[in-house]
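We name chains A, B, ... by the order of the sequence lines, and we start the count at 1 in each one.
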2 protein chains.
Amino acid sequence: MQPIVECCAPLAEEPIAQVDADQLAGWFRVLGDPARLRLLSLIASKGEACAACDLVEPVGISQPTVSHHLKVLYEAGLVEREKRGRWVYYRPVPERLAILSRAIGSPGA
Amino acid sequence: MQPIVECCAPLAEEPIAQVDADQLAGWFRVLGDPARLRLLSLIASKGEACAACDLVEPVGISQPTVSHHLKVLYEAGLVEREKRGRWVYYRPVPERLAILSRAIGSPGA
DNA sequence: CGTATATATAGACACCCGTCAATACACACT
DNA sequence: AGTGTGTATTGACGGGTGTCTATATATACG
């Protein structure tokens with residue numbers, strides 16, 4: 001995960017560079033799956049969530065698939081993980097999400 | 001295109017419903033491609049853009065591929081089209097983009 | 001009408017992705 | 001140490017997607 005703190009001015013501000021487009025598109029693609037969106041929403045609305053405890057049953061997909069999606073979210077830097085005993089807890093990374101929100105945010109409207 | 005004006009409370013507010021997840025994920029998937037992101041950025045930063053005039057050359061992909069991406073953006077309701085003479089002009093749809101921005105917006109951060 | 005240009009479509013190809021069952025791994029608790 | 005449970009990985013399958021070339025359609029201009 002790159003140390004990107006400031007990235008990608010709003011799309012409407014200036015034509016986005018290829019590099020930034022790749023970066024942003026990667027994040028959006030991660031959000032482009034209903035299962036991941038529901039997982040992220042579950043995590044965010046609880047503030048923190050454990051995979052088996054809070055996530056597998058509600059989304060209604062198999063445990064390996066949940067694990068896969070959580071990995072994708074994690075590697076995109078949209079959630080962070082903390083292992084506590086036998087369980088792994090996930091929390092959202094608001095800074096990352098803010099980058100995306102700001103990129104498509106319409107200051108001209 | 002459905003008449004969705006109000007949709008999808010912020011992800012962190014409450015666990016998102018399956019239907020909303022499908023809807024949102026569809027829009028994010030559209031943004032999940034660098035070429036489409038660059039096209040949208042070019043359109044948005046100019047306020048309006050014509051495919052051949054302003055888009056084909058800057059993004060560096062073939063005309064049919066540009067046409068395809070514009071169709072995807074259009075059918076997602078992220079841009080609107082207007083045919084003027086031989087040309088087709090595209091404009092962003094800020095309300096749609098605002099929905100996405102608000103969905104991932106972090107009120108808790 | 002014919003030609004030139006802007007746009008869209010068709011078809012093909014390679015590649016990526018979501019899902020699952022099966023299995024492996026990690027960690028606590030007795 | 002052994003067992004049970006949470007988590008991750010593997011391998012496979014089906015479907016979707018981005019890209020291209022070639023071609024078709026539409027519109028303006030002479």
For B:Val56, what residues pass the side-chain contact (heavy atoms from CB on, under 4.5 Å) criterion, not counting sequence neighbours?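 side-chain contact (heavy atoms from CB on, under 4.5 Å) check on B:Val56 returns B:Gln63, B:Val66.
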Tell me which pairs pass disulfide bond (SG atoms under 2.5 Å apart) where either residue lies in residues 15-97 of chain B, with sequence neighbours left out.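 Sorted result for residues 15-97 of chain B: B:Cys50-B:Cys53.
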Please list all pairs passing the disulfide bond (SG atoms under 2.5 Å apart) test where one or both residues lie in residues 56-89 of chain A, with sequence neighbours left out.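 Passing the test, one end in residues 56-89 of chain A: no pairs.
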Hydrophobic cluster membership, with links at side-chain heavy-atom distances under 4.5 Å among I/L/V/M/F/W/Y: are A:Leu55 and A:Val93 in one?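 No; tracing contacts between hydrophobic side chains, which count when under 4.5 Å, never links both residues.
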Should B:Val59 and B:Tyr89 be counted in the same cluster of Ile, Leu, Val, Met, Phe, Trp and Tyr side chains packed under 4.5 Å apart?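 In one cluster with B:Val59: B:Tyr89, no.
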Residue pair B:Trp87/A:His69 against DNA chain C: nearer the 5' end by closest nucleotide is B:Trp87
At their closest point, which heavy atom of A:Ile43 faces which heavy atom of A:Pro92, and how far apart are they?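 So the two residues come closest at CG2-CD, 3.6 Å.
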Identify the two heavy atoms, one from B:Ala21 and one from A:Leu37, that lie closest to each other, and give their separation to 0.1 Å.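 In terms of heavy atoms, the two residues are closest at O-CD2, 3.7 Å.
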Compare side-chain N and O positions of A:Thr65 against OP1 and OP2 of C:dT19 and report whether any pair is under 4.0 Å apart. no
Does anything in residues 37-46 of chain B form a side-chain hydrogen bond (donor to acceptor under 3.5 Å, both in side chains)? List the pairs, not counting sequence neighbours. A:Gln18-B:Arg38
Take atom CZ of B:Phe28 and atom C1' of C:dC17, then tell me their distance rounded to the nearest Å. 19 Å
Go through residues 55-64 of chain B and report each residue with a non-hydrogen atom lying under 4.0 Å from DNA chain C, sorted by number. B:Gln63, B:Pro64
Heavy atom of residues 34-54 of chain B under 4.0 Å from DNA chain C: which residues?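 Contacting residues: B:Cys50, B:Ala51, B:Ala52.
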Select base, sugar-phosphate, or nothing to describe what B:His68 touches, counting heavy atoms under 4.0 Å on all strands.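 Base, at least one base heavy atom under 4.0 Å.
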Residue pairs involving residues 64-74 of chain B (criterion salt bridge (Lys or Arg N to Asp or Glu O under 4.0 Å); sequence neighbours excluded):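 As it turns out, there is no salt bridge (Lys or Arg N to Asp or Glu O under 4.0 Å) pair with a partner in residues 64-74 of chain B once direct neighbours are skipped.
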In chain order, what residues pass the side chain to side chain donor-acceptor pair (under 3.5 Å) check against [X], with sequence neighbours excluded?
X: B:Arg91; value: B:Glu48, B:Glu80, B:Glu82
X: B:His68; value: none
X: A:Arg86; value: none

Along DNA chain D, 5' to 3', what are the outermost nucleotides having an atom less than 4.0 Å from a heavy atom of chain A? D:dG4 to D:dT9
B/S/- along nucleotides 24-30 of chain C (protein heavy atoms under 4.0 Å) is --SSS--
Is the shortest side-chain heavy-atom distance between B:Val30 and B:Leu40 below 4.5 Å? no
